[in-house]
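For reference, the structure is listed below as structure tokens.
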Amino acid sequence: MPGSAAGQRTLVLGGARSGKSAFAEALVTGGAVRYLATAVPDPADTDFAARIAAHRDRRPPGWTVIEAADPAAELRTAHSGATLVDDIGTWLTARLDARAAWDAPRGTIVPETEGLLDAVAGYRDRLVLVTPEVGLGVIPATRSGRLFRDEIGTLNQRLAQVCDEAFLVVAGLPLRLK
């Protein structure tokens with residue numbers, strides 16, 4: 001299976017419902033797993049709560065799950081097994097929300113993205129990052145949609161540079177990019 005080496009950093013990209021999370025989870029089976037969940041649940045959003053529940057139900061019971069609003073801080077702590085971060089897009093959205101940056105100039109959250117990039121580049125244990133690929137569709141009609149697309153696109157490019165391997169998952173099928 002790809003990406004099984006200790007110390008290997010793997011980036012898994014894909015669109016909505018592409019199978020990227022399931023593929024990433026399969027990369028880390030067979031040992032101690034620290035799962036950094038970046039979603040910030042909104043109790044009023046029942047659809048999102050159902051998505052989170054589906055992810056929880058799919059995970060093995062022995063995994064250590066950490067609700068990680070700041071995955072960079074968690075990555076500064078070594079873990080004897082694999083670490084899976086799911087996903088960078090929900091983390092980025094939460095950062096934009098926290099900084100009220102949806103109407104701010106692009107680059108407002110650079111300190112947060114730089115911190116994440118530094119943590120990933122310096123991480124020496126097994127690491128798998130899940131992130132959305134949003135550059136294959138139409139140009140978003142709203143400023144916030146374009147901002148998210150631009151910020152995640154730039155971040156994904158930089159994460160791919162510091163990761164040892166990268167996969168694009170489409171229709172549940174992984175394609176090795178690097």
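Excluded from the calculations below are hydrogen atoms, water molecules and symmetry mates; all remaining heavy atoms, backbone and side chain alike, are included. If you're wondering where the values come from, they're calculated on a predicted model, not measured in any experiment.
Hydrophobic clustering, with ILVMFWY side chains joined whenever heavy atoms are under 4.5 angstrom apart, groups Ile66 together with Leu116. Residue Leu159 is not grouped with residue Val12 when hydrophobic side chains (ILVMFWY) are merged at heavy-atom distances under 4.5 angstrom, including chains of intermediate members. Under the 4.5 Å side-chain heavy-atom criterion for Ile, Leu, Val, Met, Phe, Trp and Tyr, Leu92 and Val110 are members of distinct hydrophobic clusters. In this structure, Leu177 is not a member of the same hydrophobic cluster as Leu173, with clusters built from ILVMFWY side-chain heavy atoms closer than 4.5 Å. Cluster membership check: Ile109 shares its hydrophobic cluster with Val162, using side-chain heavy-atom separations under 4.5 Å among Ile, Leu, Val, Met, Phe, Trp and Tyr.
Counting only heavy atoms from C-beta outward, the side chains of Val130 and Glu25 never approach each other to under 4.5 Å. Residues Arg9 and Leu129 have side chains not in contact (no heavy-atom distance under 4.5 Å, counting atoms from C-beta outward).
Other residues, nucleotides and ligands contribute at most 12 non-hydrogen atoms within 6.0 Å of the CZ atom of Arg17.
Taking each heavy atom of Glu112 and Trp91 in turn, the nearest pair found is O-CH2, 3.6 Å. Nearest heavy-atom pair, Asp87 versus Gly89, reported as atom, atom and distance to 0.1 Å: OD1-N, 2.8 Å. Shortest non-hydrogen contact noted between Pro140 and Arg146 is O-NH1, 3.1 Å. Here the closest non-hydrogen pair linking Gln8 and Arg126 is O-NH1, 2.9 Å. Nearest heavy atoms, Tyr123 versus Ala78: OH-C, 4.5 Å. The two residues Cys163 and Thr10 have their closest heavy-atom pair at SG-C, 4.2 Å.
Not a single donor-acceptor pair under 3.5 Å links the side chain of Thr154 to the backbone N or O of Glu151. Not a single donor-acceptor pair under 3.5 Å links the side chain of Asp125 to the backbone N or O of Ser80. At distances below 3.5 Å, at least one donor-acceptor pair connects side-chain atoms of Arg143 with backbone N or O atoms of Trp102.
The existence of a salt bridge linking Lys20 and Glu133 is excluded, since no basic side-chain nitrogen approaches an acidic carboxylate oxygen closer than 4.0 Å.
Here the straight-line distance linking atom CZ of Arg34 with atom NE2 of His79 works out to 6.0 Å at 0.5 Å rounding. Taking CD1 of Ile152 as the reference point, atom OG1 of Thr93 lies at 7.5 Å (rounded to 0.5 Å). With rounding to the nearest 0.5 Å, the separation of CG in Asn156 from CD1 in Ile88 is 8.0 Å. Distance check: Gln157 CD to Leu155 CG gives 10.0 Å after rounding to the nearest 0.5 Å. Note that CG of Asp150 is 4.5 Å distant from CZ of Arg106, once rounded to the nearest 0.5 Å. Atom OG1 in Thr64 sits 10.0 Å away from atom CG in Leu36 (nearest 0.5 Å).
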